[in-house]
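In what follows, a structure is listed as structure tokens, so that the remarks can point back to it.
On a predicted model such as this, the values are computed, not experimentally measured, just so you know. Chain A is the first sequence line, chain B the second, and so forth, proteins listed ahead of strands; every chain is numbered from 1.
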Amino acid sequence: MAKVLTSRKENYAQWYNDLVIKAGLAENSAVRGSMVIKPYGYAIWEKMQAQLDRMFKETGHENAYFPLFIPKSFFSKEADHVEGFAKECAVVTHYRLRNSEDGKGVEVDPTAKLEEELIVRPTSETIIWNTYKNWIQSYRDLPILVNQWANVVRWEMRTRLFLRTAEFLWQEGHTAHATKQEAVDETRQMIDVYAQFAREHMALPVIQGHKSENERFAGALDTLAIEALMQDGKALQAGTSHFLGQNFAKAFDVTFANKEGKVDHVWATSWGVSTRLIGGLIMAHSDDNGLVLPPKLAPIQVVIVPIYRSEEQYEAVVAKGEEIRKQLLKHGISVKFDKRDTQKHGWKFAEYELKGVPVRLALGMRDIENGTIEVARRDTLKKEVMPMEGIDEKIVALLDEIQDNIYNKALDFRDKSIHYVDTWDEFKDTLENKGGFIMAHWDGTAETEQKIQEQTKATIRCIPFDNKQEEGKCILTGKPSKERVLFAKAY
RNA sequence: CGGGGUGUAGCACAGUCCGGUUAGUGUACCUGCUUUGGGAGCAGGGGGUCGCAGGUUCGAAUCCUGCCACCCCGACCA
């Protein structure tokens, strides 16, 4: 087969870039740092959205939409929050263009300067809490469980398709609660939703835990995250859920009368996942032949490729292929019958492998004569000739099997990549030579975490839930520690 | 934002150092014939403001100045 991708071994980053582009997921646009998500890539996002949206609704959330532009002054209200975002936002300063003097183009009309500049949202806490102020008077108005699907902009220095772009798509949930416990529970519930989505739909095992102070969201009291491991041994933060305490309620003066008639500030959470998930999906499962997509998120789950010579053969094979397509459709399988006469079957095989279609059916005269069909699975690259009879049931089962296999493969890799180390030398050696996750003791201070990061580039990905408590010594300072935390180099 | 690199056909590149035929190769595209259970072969054909704007020169893809974009490495981040 002709090689179209850089191999993972050769250059993992290049492999990723090649893959995103060659598989037709996305490409760089004419706008610095902003990508075009192409139909095939967007189809994956739509599948993710559909499932997540279902899960949000099941947990009682509703969708709404808040403005893209946020008055600059809103950002000065929550000090920690500003600190985290102030530096990297797009700012709207004018509202009109005019023809330039030389008549060759347009320029910003200097007389159309905005009284108050607008910030293109990097996240929506401020505008949302400004709005919630008007929605909430009594405990009877609570909780508010709202999610929005939106785009946000963060003026990133260095961008990579899906993983980090200046503009990206995401969902952000923003909830308001009467009690601290309710907000804490919500924060936890949503990280669990993300973890479940990652495992069951993305076939991506994740470790859930608390972020350290350094890695916490600006303005949050606690940040929960799901951390996934990529094939190159680097971690990817795949989703976060924040317990915001009363910080935003205080900043935006959102109060309510509780059952006792006393006025209190509202408790808040926010949580989000983005198109970055697509990057994680790619890097977790795909191989040197192209994408490997879990059936539950694959835009095309089954592709049928006809094999023929003459026109009569084409007719016969296409007729049979149509039958099979309809059979599969009845099971709710998304199936593409590629009966184009403009590409050879060999070309199609390679193409759908590159695009990560989980199952490929090849159908030729030989099959029609024998009542068989060739079934090829993308995850193992194995081919098998099966009886045509009852093929639909088999495909249904096969898709499940592929979903499980992809997950188990990723889980195996992840589990093999968690290293327990107790000394500084071991820590550095493991990072350099093995990569992956490292469970090690840490003295709990931000300074130590900072030093470790400066010296090794590794950060604390999370402090896992239900973490085993054990006495130990910090790998850097030797100070006492009660538990190991999860380190890794991260995207 | 700092360091490095690259902009030439849809894509990938050569040519640039040392200015001088009609700007070339692979691939993709079009036509025809042959082929056909893993990216087919042969023949013919079409496609270029050489990133943009100035400048030097008889003459610029090539030299000079400025700008823009993208990629890689760092600091920042989902």
Side-chain angles (χ1 to χ4, degrees), chain A residues 1-6 11-14 16-18 21-22 27-35 83-89 102 104-105 122-123 151-172 194 211 214-218 223 225-228 235-242 270-280 289-290 305-311 313-314 317 341-354 360-370 372-374 376 381 383 385 453-454 457 459 461 490-491:
Chain A
M1 196 178 81
K3 195 187 127 186
V4 291
L5 298 175
T6 305
N11 184 340
Y12 193 83
Q14 190 61 46
Y16 175 81
N17 279 336
D18 283 1
I21 290 165
K22 300 266 169 60
E27 60 191 31
N28 283 307
S29 72
V31 187
R32 194 204 77 99
S34 299
M35 65 177 166
E83 185 57 29
F85 284 103
K87 291 161 278 182
E88 46 178 17
C89 292
D102 60 12
K104 282 181 182 164
T123 178
N151 58 339
V152 287
V153 169
R154 298 178 188 177
W155 215 256
E156 299 293 347
M157 300 300 173
R158 233 180 109 197
T159 59
R160 292 192 64 192
L161 292 167
F162 290 118
L163 297 174
R164 183 168 305 112
T165 48
E167 179 186 359
F168 57 93
L169 305 182
W170 77 347
Q171 58 70 214
E172 45 180 327
Y194 290 153
K211 282 291 181 185
N214 281 352
E215 299 277 323
R216 197 177 289 156
F217 174 70
T223 289
I226 53 171
E227 293 286 331
L236 182 81
Q237 179 176 306
T240 50
S241 182
H242 313 290
S270 68
W271 28 273
V273 295
S274 72
T275 38
R276 174 180 244 204
L277 288 179
I278 298 173
N289 295 318
V305 178
I307 295 164
Y308 54 89
R309 295 186 190 183
S310 62
E311 205 154 313
Q313 289 186 358
Y314 179 78
V317 169
D341 191 32
T342 51
Q343 313 290 349
K344 309 291 295 282
H345 62 265
W347 187 92
K348 291 175 185 172
F349 288 178
E351 181 69 7
Y352 292 111
E353 246 155 50
L354 183 62
R360 182 189 70 231
L361 302 177
L363 185 65
M365 288 314 286
R366 200 194 294 159
D367 296 303
I368 290 186
E369 281 157 24
N370 302 336
T372 59
I373 190 160
E374 183 189 87
L381 293 170
K383 292 193 287 197
V385 176
Q453 177 172 7
E454 279 162 17
K457 307 280 181 222
T459 50
R461 299 322 302 154
Y491 274 94

What's the [atom1]-[atom2] distance between [X] and [N], to the nearest Å?
X: A:Glu156; N: B:C1; atom1: CD; atom2: P; answer: 14 Å
X: A:His345; N: B:G39; atom1: NE2; atom2: P; answer: 7 Å
X: A:Glu454; N: B:G74; atom1: CD; atom2: P; answer: 16 Å
X: A:Arg366; N: B:U36; atom1: CZ; atom2: P; answer: 13 Å
X: A:Tyr308; N: B:G37; atom1: OH; atom2: P; answer: 12 Å
X: A:Met35; N: B:C70; atom1: CE; atom2: C1'; answer: 16 Å

Return yes if the base of [N] and the side-chain atoms of [X] contain a donor-acceptor N/O pair under 3.5 Å, otherwise no.
X: A:Arg309; N: B:G37; result: no
X: A:Lys383; N: B:G38; result: yes
X: A:Gln343; N: B:G39; result: no

Provide the distance between the two [atom1] atoms, one in [N] and one in [M], to the nearest whole Å.
N: B:C77; M: B:C68; atom1: P; result: 27 Å
N: B:C17; M: B:G2; atom1: P; result: 29 Å
N: B:C13; M: B:C73; atom1: C1'; result: 24 Å
N: B:A9; M: B:U36; atom1: C1'; result: 31 Å
N: B:U31; M: B:G38; atom1: P; result: 26 Å
N: B:G5; M: B:U57; atom1: C1'; result: 30 Å
N: B:G7; M: B:C64; atom1: P; result: 15 Å

Just to be sure I understand the rule, does [X] reach a base, reach only the sugar-phosphate, or reach nothing, if contact means heavy atoms closer than 4.0 Å?
X: A:Gln14; value: nothing
X: A:Glu374; value: base
X: A:Leu236; value: nothing
X: A:Arg160; value: nothing
X: A:Asp367; value: base
X: A:Thr165; value: base

**OP:** Using the closest heavy atom to pick a nucleotide of RNA chain B for each, name whichever of A:Ala13 or A:Ile368 lands nearer the 5' end.
**Re:** A:Ile368
**OP:** Could you list the residues that satisfy ring-ring contact (aromatic ring centres under 6.0 Å, His included) with A:Tyr491, not counting sequence neighbours?
**Re:** none
**OP:** Find the partner of B:C70: check Watson-Crick (N1-N3 plus N6-O4 or O6-N4) and G-U wobble (N1-O2, O6-N3) distances, both under 3.5 Å, and reply none if neither fits.
**Re:** B:G5
**OP:** Please determine, for B:U16, whether a Watson-Crick or G-U wobble partner exists with both distances under 3.5 Å, and give it or none.
**Re:** none
**OP:** Would you give a per-nucleotide map of nucleotides 8-14 of chain B, 5' to 3', where B means the base has a protein non-hydrogen atom under 4.0 Å away, S means only the sugar-phosphate does, and - means neither?
**Re:** -------
Subject >> Partner residues of A:Ser274 under the side chain to side chain contact (heavy atoms under 4.5 Å, CB included) criterion, sequence neighbours left out >> reply: A:Phe168, A:Trp170, A:Arg276
**OP:** Quick one: list whatever passes salt bridge (charged side-chain N to carboxylate O under 4.0 Å, His left out) with A:Glu215, sequence neighbours left out.
**Re:** A:Arg461
Subject >> Qualifying residues under side-chain hydrogen bond (donor to acceptor under 3.5 Å, both in side chains), relative to A:Tyr16, sequence neighbours excluded >> reply: none
Subject >> Residue list, side-chain hydrogen bond (donor to acceptor under 3.5 Å, both in side chains) with A:Asp18, at least two apart or on another chain >> reply: A:Thr6, A:Gln14
